[in-house]
Amino acid sequence: LKEVAARQSPLQGRFQARGWLEKNVQAGMPNRYSISWGGKEVAEIACGNGRYELESFVGCEVGVVGVVGSSRRCSCSR
């Protein structure tokens with residue numbers, strides 16, 4: 001049953017977060033990137049080491065492995 005549930009999950013048993021990458025712009029604040037699924041924000045995304053240029057993935061469906069902190073903030077690592 002666990003395998004069936006994982007296949008039916010939008011995370012497909014592989015990701016901590018999955019959805020469409022969006023760029024959130026607020027005046028006077030640094031750009032913020034988040035993942036939305038079903039019209040709801042499910043995670044904030046950050047890549048501090050420069051490995052991924054998140055701007056290139058805006059509007060794309062992405063899956064993320066690697067959650068940092070309790071606020072569902074995901075980050076990339078090398």
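Nothing fancy with the numbering, it's 1 onward along the sequence. Owing to the predicted nature of the structure, the values given are computational and were not obtained by experimental measurement.
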Is it true that Glu22 and Arg32 have a side-chain N and a carboxylate O under 4.0 angstrom from each other?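 Looking at Arg32 together with Glu22, the answer is no, because their closest N to O distance does not fall below 4.0 Å.
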What heavy-atom pair brings [X] and [Y] nearest, and what distance separates the two atoms?
X     : Y     : value
Tyr52 : Cys47 : N-SG, 3.4 Å
Val42 : Trp37 : CG1-CB, 4.1 Å
Ser34 : Asn24 : OG-ND2, 2.9 Å

Side chains of Gln16 and Val64 in contact at under 4.5 Å (non-hydrogen atoms):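 The answer is no; the side chains never approach within 4.5 Å.
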Taking the side chain as every heavy atom from C-beta outward, state whether Leu21 and Tyr33 have any pair of such atoms under 4.5 Å apart.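 Yes, their side chains come closer than 4.5 Å.
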Should Trp20 and Ile45 be counted in the same cluster of Ile, Leu, Val, Met, Phe, Trp and Tyr side chains packed under 4.5 Å apart?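 Different clusters: Trp20 never reaches Ile45 through Ile, Leu, Val, Met, Phe, Trp or Tyr contacts under 4.5 Å.
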